[in-house]
Amino acid sequence: MVVGESGGADAFFSKYEALASSLPARQGLGFTPYREYHGFWYPELLMAPTLAARDTFAARPTDVILATVPKSGTTWLKALVYGVVHRGHHALAGGEHHPLLASSPHELVPFLHELYERHRSAPPVPVLDGMPSPRLLAVHTPFAALPASVPGSGCRVVYLCRDPKDTFVSLRHFLDEIKPEGSDTTPFAEAFELFCAGVSPFGPIWDHMAGYWKESVARPGEVMFLRYEHLKEDTVGTVRRLAEFLGCPFTDEEVVGGVPEAVVALCSLDRMRSVEANRDGVHRTGRLSIKNRAFFRKGEVGDWKAHITPEMAQKLDSIVEEKLRGSGLSIAGE
Ligand code: PPS
């Protein structure tokens, strides 16, 4: 990973950078400091763009916002939703020219904060206005800090979460893989303690999940709550539900023709990993360059067992269970 120049402060963005730098800071998991905003810990680099998007992004009723904690399956969800929504435009079965076979899901479904990070002199309105509907955008933002225009716009929000133990293990591997040259990864035991204390990207993870869970219960037509484990267990069934939720259900003809299965196959880890852009390409955010291959590792449920002890697992499960008590959401220990 390369950390580049800041690109220079300017009127629009510097206001948010000033606000970000006034927030409480601490060293967290990984190589950037974290800032605390309304009870959540944000990687410092993403704080200003998140605040800028919160204030200035204008949601369309047709927008689809994909929300996740990092390492919960974001890349997979981006690919699946892209495949579902654009299936009418691109041949799926054996379609060698599908955009998912030429570009990373992160290019096809951009993170909102990255658009803001790249266009610092003004909100990226021309880019956003130029995106055809339905616009597919991703965030890691907690529900309460989503752009103010999102709730009430009628747009769809799809939230995907994952067993926090697997999220932690995936995150620790990712941070190790993308760390700037010469820097150290937070030692494993220390990283785990920070994660359990909620000082992880967009953590505490349990509050992040609870925020979206509550909204999905209150507004099921607008917020869909998914779990990585369920997606793994029944990918085709979940993709069909996803299409219904997004207002583009698979027709009987498509079901008979195996289109949901074709979308799932196109987005499988092995297929995605074999795509040149994902194998050899680089994802450039405003300031970071990340090798795309870092987004594809094992994609397994329960990989934590190979990395954390039963005692550590028990500790994290208990914290999550305790924090989610009364919310109606149960994640720990499944
Ligand atoms: S990021 O940085 O937030 O966008 O990362 P994210 O995509 O959320 O998480 C990466 C983990 O998701 C796994 N992955 C997949 N699983 C199943 N199917 C597909 N297609 C897929 N693509 C990525 C990836 O391997 C990471 O999980 P781990 O456990 O580290 O393998």
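Every number for a ligand or one of its atoms is a count from 1 in the order of the listing. For the numbers below, each heavy atom of this structure counts, side chains included, while hydrogens, waters and symmetry mates do not.
- Near F296, with a cut-off below 4.0 Å to any heavy atom, the atoms of ligand 1 are 22 (N), 23 (C), 25 (O).
- Of the polar atoms of F174, none of the N or O atoms is found under 3.5 Å from an N or O of ligand 1, judged by distance alone.
- In this structure, K78 is positioned above the aromatic face of F111, its NZ or CZ under 6.0 Å from the six-membered ring centre and within 45° of the axis.
- With distances taken over non-hydrogen atoms, the option nearest atom 24 (C) of ligand 1 out of W304, F295, Y228 is F295.
- Taking each of R172, R297, E300 in turn, the one with a heavy atom nearest to atom 25 (O) of ligand 1 proves to be R297.
- In this comparison of K232, M272, R273, R162, the heavy atom closest to atom 29 (O) of ligand 1 sits on R162.
- With a 4.0 Å cut-off on non-hydrogen atoms, S268 touches ligand 1 through its backbone and not its side chain.
- Using a 4.0 angstrom heavy-atom cutoff, K78 does not count as in contact with ligand 1.
- One side chain, Q314 or S318, offers a donor N or O that lies under 3.5 Å from an acceptor on the other.
- Proximity of the aromatic rings of Y42 and Y34 is defined here by a centroid distance below 6.0 angstrom, and this criterion is not met.
- The CZ atom of F192 sits 7.0 Å away from atom OG1 of T309, with the distance rounded to the nearest 0.5 Å.
- Around the NZ atom of K214, the shell of radius 6.0 Å holds no more than 12 heavy atoms that belong to other residues, nucleotides or ligands.
- Near P70, meaning under 4.0 Å from any of its heavy atoms, are these atoms of ligand 1: 3 (O).
- Remark: R54 fails to qualify as a cation-pi partner of Y116 under the 6.0 Å distance and 45° angle criteria applied to the six-membered ring.
- Ring orientation note: the planes of F295 and H106 are tilted relative to one another, at an angle of 30° to 60°.
- For ligand 1, one of its N or O atoms has an N or O atom of T75 under 3.5 Å away.
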